[in-house]
Amino acid sequence: MSLTLALLAATATTAVASPPSSDSVALARVCEGKDGFADPAPPAKVFGNVWYVGTCGVTVLLVTGPQGHILVDAGVEEAVPQVLANIHKLGFNPKDVGLIVSSHEHFDHVGGLAALEKATGARFVATAEAAKVIRSGKVSPADPQAQEIHGSRPARVNGILKTGDVFNVGPLRITAFRTPGHTEGSTSWTWTSCQGTDCRTMTYVDSLTALPLGTYRFADHPDRVAMFRKTFAEVEALQCGILLTPHPSASAMFERMSGAQPMEDSEACKALVASARDRLEKALVK
Ligand SMILES: [Zn+2]
């Protein structure tokens, strides 16, 4: 089904709280069939004060507030000029970003961090495990992908977080919870955003993908498997509200933003875990 037809079908059959913005339809159209980490994407509204400023393949979110903004993830290094341009296009100033947080310490989510820290002057917080990788720029040797992926430009970490920590920029509040597995430092984030009087829980669930590269076998690493299973159980139990993910395709973000699918689905976190669990089980028997 074409995007337009899907959009019409969705509008005809579901009560949409607010119509999708034209910019999110443009984003879905530009990124149709594209998921490159640096494939340029126009900025678009997600919901309320949450804006998509990333690329076709990697999510970067701007959560805006009256006393400064929060940037969620940094994308790849080569996409930094696009992220900054997207923030400007929306009428915001990168210098007003007061806090940057990330999903996990792989180059596609923190490769652009050093440059964005410089451009914004914002503070950055991470788990101790992520901080070690981000400060050194070197992939953890325990990472299932360590044999085949590269590190990233070392970046500054201003504070170490643990589950339940809340970070503020003026009235904006964002809460961290550790969801290790994909990496040791994997972190998910939750906050509330309002569109008029319609307030929703927003949950940015980190990648849950078991991806063994090179000679890595999950069967040889029961600690890592246990780490994944604990995270799966925790994410599955969440009332995630509007689910957001570090790769937009993992949760059909563009389809939901453009109105082709409902923005919120009460089973979304369970469905995300179900496919991740299936992938881990398959990786275990390989
Ligand atoms: Zn990753």
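Note that this is a predicted model, so its numbers are computed, not measured. Here, residue 1 is the first one in the sequence, and each next residue gets the next number. When a ligand or atom number is given, it counts from 1 through the structure's own listing order.
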Study note, to complete from the structure: Test salt bridge (Lys or Arg N to Asp or Glu O under 4.0 Å), reference E236, set R277, R229, K270, output is R277
**Study point:** Proximal heteroatom of H106 relative to the Zn ion (ligand 1) (N/O/S)
**Key:** ND1
Check your understanding: Where the Zn ion (ligand 1) is the corner point, what angle links NE2 of H104 with NE2 of H182, to 10°?
Key -> 100°
Check your understanding: Measuring to the Zn ion (ligand 1), does H109 have an N/O/S atom at a distance below 2.8 Å?
Key -> no
Point to revise | E105 and K132 ion-paired at < 4.0 Å | key: no
Review point. Does V169 reach the side chain of I174, with side-chain heavy atoms less than 4.5 Å apart?
Key: no
**Study point:** Ion pair check, E264 and R256, cut-off under 4.0 Å
**Key:** no
